[in-house]
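A short write-up of the structure that comes next.
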Amino acid sequence: MKKIEAIIKPFKLDEVKDALIEIGIGGMTVTEVKGFGQQKGHTEIYRGTEYVIDFLPKVKIEVVVKDDDVEKVIDVITKTAQTGRVGDGKIFVIPVEDVVRIRTGERGEVAV
Amino acid sequence: MKKIEAIIKPFKLDEVKDALIEIGIGGMTVTEVKGFGQQKGHTEIYRGTEYVIDFLPKVKIEVVVKDDDVEKVIDVITKTAQTGRVGDGKIFVIPVEDVVRIRTGERGEVAV
Amino acid sequence: MKKIEAIIKPFKLDEVKDALIEIGIGGMTVTEVKGFGQQKGHTEIYRGTEYVIDFLPKVKIEVVVKDDDVEKVIDVITKTAQTGRVGDGKIFVIPVEDVVRIRTGERGEVAV
Amino acid sequence: MRGLIISIISLLVPVGTALAEEKSTLNSGDTAWLLTSSALVMLMTVPGLALFYGGLAKRKDILNTIAMSFIAYCIVSITWIIVGYGIAYGSTIGQFFGNPFEYFFLKGMTPSTLSDNIPAVLDVMFQLVFATITVALVSGSYIERMKFSAWLIFTILWGVLVYPVVAHWVWGDGFLSAHGALDFAGGTVVHINAGIAGLVGALMLGRRKDTALIPNNVTLVALGAGLLWFGWFGFNAGSAYAADGAAAYAMLNTNIATAAAAIGWMLVEWMHAGKPTVVGISSGIIAGLVAITPAAGFVNVIGAIIIGVIAGVCSYYAVAVVKQKAGYDDALDVFGIHGVSGIIGAILTGVFADPAIGGKDAVGLLYGNPGQVVTQIIGVIATIVYSGVMTAVIIFIAKALTGLRVKPDAEEEGLDQSEHGEKAYNI
Amino acid sequence: MRGLIISIISLLVPVGTALAEEKSTLNSGDTAWLLTSSALVMLMTVPGLALFYGGLAKRKDILNTIAMSFIAYCIVSITWIIVGYGIAYGSTIGQFFGNPFEYFFLKGMTPSTLSDNIPAVLDVMFQLVFATITVALVSGSYIERMKFSAWLIFTILWGVLVYPVVAHWVWGDGFLSAHGALDFAGGTVVHINAGIAGLVGALMLGRRKDTALIPNNVTLVALGAGLLWFGWFGFNAGSAYAADGAAAYAMLNTNIATAAAAIGWMLVEWMHAGKPTVVGISSGIIAGLVAITPAAGFVNVIGAIIIGVIAGVCSYYAVAVVKQKAGYDDALDVFGIHGVSGIIGAILTGVFADPAIGGKDAVGLLYGNPGQVVTQIIGVIATIVYSGVMTAVIIFIAKALTGLRVKPDAEEEGLDQSEHGEKAYNI
Amino acid sequence: MRGLIISIISLLVPVGTALAEEKSTLNSGDTAWLLTSSALVMLMTVPGLALFYGGLAKRKDILNTIAMSFIAYCIVSITWIIVGYGIAYGSTIGQFFGNPFEYFFLKGMTPSTLSDNIPAVLDVMFQLVFATITVALVSGSYIERMKFSAWLIFTILWGVLVYPVVAHWVWGDGFLSAHGALDFAGGTVVHINAGIAGLVGALMLGRRKDTALIPNNVTLVALGAGLLWFGWFGFNAGSAYAADGAAAYAMLNTNIATAAAAIGWMLVEWMHAGKPTVVGISSGIIAGLVAITPAAGFVNVIGAIIIGVIAGVCSYYAVAVVKQKAGYDDALDVFGIHGVSGIIGAILTGVFADPAIGGKDAVGLLYGNPGQVVTQIIGVIATIVYSGVMTAVIIFIAKALTGLRVKPDAEEEGLDQSEHGEKAYNI
Ligand SMILES: Nc1ncnc2c1ncn2[C@@H]1O[C@H](COP(=O)(O)OP(=O)(O)O)[C@@H](O)[C@H]1O
Ligand SMILES: Nc1ncnc2c1ncn2[C@@H]1O[C@H](COP(=O)(O)OP(=O)(O)O)[C@@H](O)[C@H]1O
Ligand SMILES: Nc1ncnc2c1ncn2[C@@H]1O[C@H](COP(=O)(O)OP(=O)(O)O)[C@@H](O)[C@H]1O
């Protein structure tokens with residue numbers, strides 16, 4: 001199993017979520033994060049003084065899937081989260097050695 | 001070493017934390033997240049219009065432990081976080097290749 | 001590739017970020033988390049009753065880098081985030097099997 | 001109406017001042033109450049309405065929403081003393097509007113110039129705060145998509161060309177005043193006027209990409225509703241233009257109708273949608289305040305309760321059912337609450353006006369004067385037509401000058417960033 | 001007491017109106033101040049108290065907490081003009097309560113009906129806002145576990161059966177009034193009454209699963225405390241029923257006692273718990289406001305300072321020490337602050353009442369009238385007994401009709417979700 | 001100045017009270033307005049200023065910032081009735097300060113003691129709220145680094161040794177009053193005084209580690225600005241000491257100048273920094289309110305607009321350009337806004353004072369009296385020197401007693417934790 005971590009633009013969250021549900025993904029976890037990257041932050045001006053805000057609001061989606069589903073999920077996220085502009089984000093694929101469903105204690109792929 | 005990531009119901013946090021301490025876990029990191037899964041979200045009503053809130057508040061606990069402790073931790077979390085109802089959450093086990101304690105620079109298992 | 005997860009004290013964030021940029025790191029993702037560890041929490045008092053707040057505010061920095069850069073990054077974070085006092089935090093190194101740049105669809109090391 | 005109020009007052013004031021209309025003297029008690037009322041109505045806009053609207057907006061648009069109310073207050077404050085007050089209360093030009101330059105920068109007014117029982121300049125001030133809130137109210141329909149520069153243009157034009165003209169009709173020497181339309185504190189002039197402007201502008205602006213109403217901060221909604229209710233005591237009871245029994249009745253009626261409307265909205269929401277909400281109770285409060293505005297000094301408490309309940313229930317349906325079906329994007333329901341409850345209040349004033357409360361010139365259907373309802377309806381229609389047409393023209397001008405909507409990207413990112421470059425919360 | 005106030009007033013008013021008691025005439029200055037005071041007291045509940053309590057509640061319960069105050073204000077507004085005002089101020093029935101139907105929907109009151117120097121309907125309004133806040137105050141003890149429907153039932157019954165009766169005793173033609181109990185602005189009627197109701201109800205409701213008081217938003221606590229202080233000037237200085245020296249003294253005493261109480265609470269907290277907190281300063285403010293309420297127009301400034309300091313310190317211990325030991329779950333310390341400081345204020349009024357301030361009928365122990373302390377204690381005990389017993393009966397009825405507590409799951413999830421289906425912050 | 005105001009008033013009051021100066025009688029209308037004004041000015045500090053400053057502070061320092069204003073209000077309330085009022089308004093000692101013990105605990109004042117047309121104790125109260133806000137204003141320069149204990153010491157000393165003395169000069173029988181300096185509502189006494197104290201103290205405290213001004217909660221900034229504006233109507237129009245035309249003019253001028261200043265700041269910020277912000281509009285509001293304070297009852301509306309615009313623009317440059325270059329760390333720009341706009345307002349009062357508004361003793365340069373400008377400048381300089389020197393001495397004493405700054409660690413962690421052990425938001 002793999003954990004797919006995608007850092008995306010916040011306003012794309014709903015679209016990505018809907019697309020993942022459509023391909024049968026049954027669960028995911030979302031965190032508000034701040035991203036630093038090639039996309040330049042903006043400046044905020046208070047009382048005439050400029051402050052550079054170089055961390056931008058992003059959303060991290062974590063989905064754990066069976067090995068077979070990895071490519072499909074990457075594909076869907078890439079398509080729906082893309083705007084073609086800098087700052088669209090990244091996807092990381094991380095190995096997962098085991099999964100447990102707390103409610104039942106089931107382990108492994110059935111628990112995903 | 002492994003990182004154990006548990007997504008649980010927020011009100012179970014204190015209980016899980018206490019149980020982990022009891023079995024000798026010396027550190028953990030907690031994040032507020034939103035979860036989407038089999039547990040259905042609720043609707044919020046503003047001025048008569050219904051909005052479906054399908055992401056539910058969850059808490060993510062991350063604990064990095066020695067390989068030997070993995071089963072014990074899984075066991076404790078499963079037991080204390082369980083209510084038996086949908087939405088109890090998941091545990092993911094992820095390999096960790098190295099650990100550093102920033103204060104001392106120590107590496108590996110001693111740093112956990 | 002590896003994901004380096006560092007849990008640090010919040011006020012060190014700017015320093016660490018600047019140091020990482022200096023050594024050529026082009027991206028990172030930051031999350032506000034709460035940490036439990038050897039560092040003791042504080043108590044908050046409302047109307048004379050004490051409440052123990054054992055989770056402390058921390059910041060999690062995630063940087064995905066090429067295998068070659070791991071040591072350099074660990075080094076820089078350790079140095080800049082260190083105050084020498086309990087609670088300075090931890091660094092975890094986690095394997096990453098693939099990276100995708102959403103904007104272009106590029107995969108692997110070029111996408112980092 | 002102004003004349004009417006004065007004649008009511010003269011009935012109540014003790015003998016010694018019966019000559020008031022012949023030779024005015026300043027009454028310090030009345031002046032104290034009007035000073036207080038002016039401050040109270042000011043508070044309704046800044047920060048009352050600004051925070052009420054801001055709390056209902058999306059997180060990324062709250063500051064822009066607040067800025068719209070704040071700047072409307074500031075701009076209309078200035079235009080009012082240049083030409084606004086003249087258009088509203090200057091010598092009438094064909095019963096349509098007053099001489100704009102009659103009070104140009106308040107020329108000729110000194111602290112000792114009186115307007116009946118109070119300083120003349122206090123009448124300017126009290127009327128000013130009414131003008132400002134009316135313009136600010138409109139913004140609720142336009143938020144989360146309108147360019148800030150377009151809003152500035154709208155504010156200047158609407159604050160000069162629309163509000164003062166309708167005020168002249170009803171409270172100056174205009175044709176509705178001459179026909180005996182009853183509007184105690186501005187149901188027509190303020191609320192129907194703003195509600196229609198909101199609706200027409202919302203249609204011309206078009207729908208937002210995301211029309212959900214998920215308040216970013218309900219505590220601000222509750223705070224705003226509370227400040228509005230508080231300030232509204234100045235709005236309605238101040239409109240008696242004296243510290244007397246008429247003012248006290250207007251205050252009590254305002255309170256009772258508002259309470260009834262909040263309960264009404266809550267109950268119908270509970271039955272229809274399953275839960276009573278704080279946003280619902282707060283919205284019911286506004287509906288009640290709006291509906292009792294034209295009636296506050298004319299009806300008895302039973303009339304006030306009935307008007308309140310009807311307003312609460314009808315505004316709920318307008319907002320929760322009708323708007324959804326009709327599909328226009330009146331973001332914060334200015335039409336559904338101010339328009340609908342304003343119309344209900346205006347017409348029901350013609351039904352429930354009780355001469356025992358408002359005097360012999362304020363007699364409604366239930367007390368044997370069905371014609372009053374007709375007069376009221378004429379007032380409503382005139383306001384709807386004028387406000388609707390003029391708003392369309394003004395929005396059209398703003399579009400030509402600056403364009404109306406921010407870029408789609410900016411709308412997604414939020415207007416706080418695109419228009420103001422700042423963020424509400426760093427918490 | 002009412003009679004007393006009037007006699008004080010008559011001392012102060014210039015000669016020309018010395019006949020006031022024979023043939024009333026409206027005083028526009030006094031009317032202006034009472035209109036203002038009514039608005040100020042309204043602000044105390046909506047949104048003052050609602051936000052003060054809301055800020056102290058848990059994040060998941062803040063909206064329910066706000067809703068309890070808002071709806072109490074609305075419901076009691078309506079019941080007051082049906083029977084409440086009659087029970088409090090109608091012709092007495094055995095010095096126990098007034099004729100409930102004497103002012104049924106304010107029948108017979110027109111704008112020109114006077115109550116001494118002010119419009120009669122303004123007295124109804126001013127007394128109404130006192131009734132509403134008293135009921136809302138009680139909610140602070142019950143939050144985070146009580147069903148919203150049970151609260152509605154409580155509100156209706158308590159607002160009719162308890163508050164107006166005690167008001168009749170002290171301010172109407174009731175037995176405490178006849179015995180010369182001193183309560184300038186409602187220490188007994190409002191605060192002891194609400195404090196005891198809070199305690200009894202909290203005991204009957206039982207403890208919450210999580211009794212921690214970790215305020216979700218201290219800025220709202222500070223805002224609420226500030227609005228309460230501001231509004232309290234209307235509460236206390238308005239209770240002089242005139243714009244005169246007695247009102248001014250009441251305002252100054254209110255300010256001084258409150259400042260002293262806040263400093264007192266802060267210092268004792270600093271010594272006892274290690275830090276001075278904003279929640280502590282805000283709580284001290286409320287304790288001081290409560291304690292000076294019965295005394296505001298009767299004591300001199302040194303008396304006011306002493307009352308304030310004692311109230312601040314004692315309420316701190318009641319809340320921080322006694323409550324912890326006793327183990328009842330009075331969520332937001334209505335008993336610890338309103339009950340305890342109310343009792344302190346009521347008794348110390350009997351000690352410090354200075355005839356140079358409050359006139360010859362308001363003489364305390366220090367000025368040679370030890371009997372006043374006894375009278376005060378009788379008033380306190382009567383209120384405690386009646387409020388305690390009646391609250392128990394009413395809570396019992398609510399339990400029978402709807403049940404008292406939400407389900408354990410709902411309590412954990414938060415009442416904002418379970419009772420209202422909404423969330424305070426989306427930020 | 002006090003004498004001047006009274007003579008203006010006497011011009012406006014109807015014949016029947018023309019004997020006012022010979023034998024005072026209480027005017028209930030004036031008293032009502034002064035009671036209301038006192039409450040309004042109280043609201044400016046608690047919670048207005050506290051939340052305005054709190055919203056601008058960093059998240060980790062907001063409660064400490066709020067606590068500074070709250071406790072300043074409480075402490076100065078007490079010192080004022082002990083010696084403060086005496087120093088300000090007691091019999092003059094060499095035109096420098098009044099007899100501190102003349103009104104020790106208000107000895108000899110009863111509710112029937114009059115001060116011209118109002119109760120004497122009401123004058124104490126109204127002046128008290130001015131003293132409190134002046135001290136609280138200073139805190140904005142010192143936040144995010146000053147020990148809370150040091151602030152308490154500062155508050156006690158500055159509230160006794162500085163504010164009342166300057167008040168004596170201008171409004172008591174001091175030398176500036178004797179020379180005819182015009183300060184309608186406290187431009188010199190309140191704003192320049194606080195602005196200089198802020199600057200001097202900020203220099204002595206030294207820079208914070210992190211001098212960024214990134215407001216944690218702009219909604220509180222907007223709320224605070226709104227409450228300040230509302231309360232300022234009491235501040236300025238209350239300073240007419242009557243409910244009359246002078247009060248009404250002061251209110252209208254306050255409103256107009258403030259609107260003009262907000263628009264001015266917004267436009268210059270838009271041009272200079274690229275966007276119009278809500279923090280900017282709110283800051284412009286404060287600048288306008290400050291600048292019109294000394295002029296409110298003396299200038300006509302055109303004068304008010306000009307004063308407002310100049311203040312908005314100059315304060316913007318002071319804050320955005322000068323401060324950056326000069327490098328002092330005046331955290332919330334007390335000097336840049338209150339100092340700079342206060343000086344502008346004081347001097348321009350000498351330019352624009354129009355005898356048609358303020359009477360024959362208030363004539364400015366434009367109306368043929370260039371000497372007034374000189375008198376104004378003398379008043380400004382005297383205040384700057386005295387406030388600057390005394391602040392330095394007081395800060396020095398505080399340093400000796402408790403030390404001035406929290407530990408570097410505590411500054412990083414935030415003063416909410418280090419000084420108060422609490423957190424603003426758990427949301
Ligand atoms: N090496 C990295 N490690 C962790 N997160 C990263 C890394 N590079 C980028 N990110 C995240 O992805 C987001 C987008 O990256 P950015 O470089 O701005 O644009 P793009 O993905 O289009 O190249 C960043 O804001 C950051 O959150
Ligand atoms: N495949 C997944 N990847 C990541 N997180 C998941 C996944 N499935 C579930 N979760 C997380 O676990 C939570 C609980 O899952 P849910 O399906 O609702 O109930 P249960 O765990 O009882 O089967 C979700 O809210 C989500 O945060
Ligand atoms: N085993 C662990 N798993 C996950 N996070 C940990 C672990 N141990 C410590 N942490 C994180 O690191 C932070 C610092 O750890 P702590 O034990 O307080 O000090 P130190 O790092 O100096 O030993 C904790 O607050 C927590 O967020």
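A note on names: the letters A, B, ... follow the listed sequences, proteins ahead of strands, and every chain is numbered from 1. What you see is a predicted model; the values in this text were computed from it and never measured.
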Most chain F-contacting option - heavy-atom pairs closer than 4.5 Å, from Trp232(E), Trp270(E), Trp229(E): Trp229(E)
From CG (Leu252(E)) to CG (Leu122(F)), nearest 0.5 Å: 9.5 Å
Contact origin within Thr31(E) toward chain F - heavy atom pairs under 4.5 Å: neither
Interface residue of largest heavy-atom contact number with chain F, from Pro276(E), Gly280(E), Ala32(E), under 4.5 Å: Pro276(E)
Atom of Gly245(E), atom of Leu26(F) and distance for their closest heavy-atom approach: N-CD1, 4.2 Å
Lys107(F) atom NZ, neighbour heavy-atom count above 12 within 6.0 Å: yes
Gap between atom OG1 of Thr254(E) and atom CE of Met42(F) - 0.5 Å precision: 10.5 Å
Ala50(F) versus chain E, the contacting section by heavy-atom distance below 4.5 Å: neither
Show every donor-acceptor pair shorter than 3.5 Å between a side-chain atom in residues 71-78 of chain F and any protein atom, with sequence neighbours excluded, or say none if there are none.
unit_1	atom_1	unit_2	atom_2	d
Tyr73(F)	OH	Asn255(E)	OD1	2.6
Ser77(F)	OG	Asn255(E)	ND2	3.0
Ser77(F)	OG	Tyr73(F)	O	2.8

Residue Leu63(F) versus chain E: region with a heavy atom under 4.5 Å: both
Sequence neighbours excluded, every pair satisfying ring pair (Phe, Tyr, Trp, His ring centres under 6.0 Å) that has a member inside residues 106-127 of chain F: Phe126(F)-Phe130(F), Phe126(F)-Tyr241(F)
Exercise: identify the closest heavy-atom pair between Val121(F) and Ala248(E): CG1-CB, 3.4 Å
pair Leu227(E)-Leu43(F): side-chain heavy atoms closer than 4.5 Å: yes
Interface residues of residues 214-225 of chain F facing chain E - non-hydrogen atoms under 4.5 Å apart: Leu220(F), Leu223(F)
Residues forming a salt bridge (charged side-chain N to carboxylate O under 4.0 Å, His left out) with Asp409(F), sequence neighbours excluded: Arg85(C)
Largest heavy-atom contact set with chain F, pairs under 4.5 Å, which of Ala237(E), Ala243(E), Gly234(E): Ala243(E)
Met251(E) side chain near Leu35(F) side chain, heavy-atom distance below 4.5 Å: yes
Residue selection (most heavy-atom pairs with chain E, distance under 4.5 Å) from Ser418(F), Ala120(F), Pro47(F): Pro47(F)
Ser28(F) versus Asp30(E), closest heavy-atom pair with distance: CB-OD1, 3.7 Å
Met109(F) and Tyr249(E), any side-chain heavy atoms less than 4.5 Å apart: yes
Residue selection (most heavy-atom pairs with chain E, distance under 4.5 Å) from Thr45(F), Ile66(F), Thr36(F): Thr36(F)
Contact class of Ile285(E) relative to chain F, heavy atoms under 4.5 angstrom: side chain
Worked check of side-chain contact (heavy atoms from CB on, under 4.5 Å) between Asp416(F) and Val278(E): CA-CA 9 Å; Asp416(F) 290 2; Val278(E) 170; over 6 Å; no
Toward chain E, the part of Leu34(F) with a non-hydrogen atom under 4.5 Å: neither
Interchain contact, Phe233(E) with chain F, by part (heavy-atom threshold 4.5 Å): side chain
Heavy-atom check, side chain of Leu128(F) versus side chain of Ile256(E), under 4.5 Å: yes
Nearest heavy-atom neighbours spanning Phe105(F) and Ile305(E): CE2-CD1, 3.7 Å
Residue pair Met44(F) / Phe230(E), side-chain heavy-atom distance below 4.5 Å: no
Shortest non-hydrogen contact between Pro111(F) and Ala356(E), atoms and distance: CD-O, 3.5 Å
Residue, of Gly55(E), Ala261(E), Gly226(E), Ala247(E), that accumulates the most heavy atom pairs under 4.5 Å with chain F: Gly226(E)
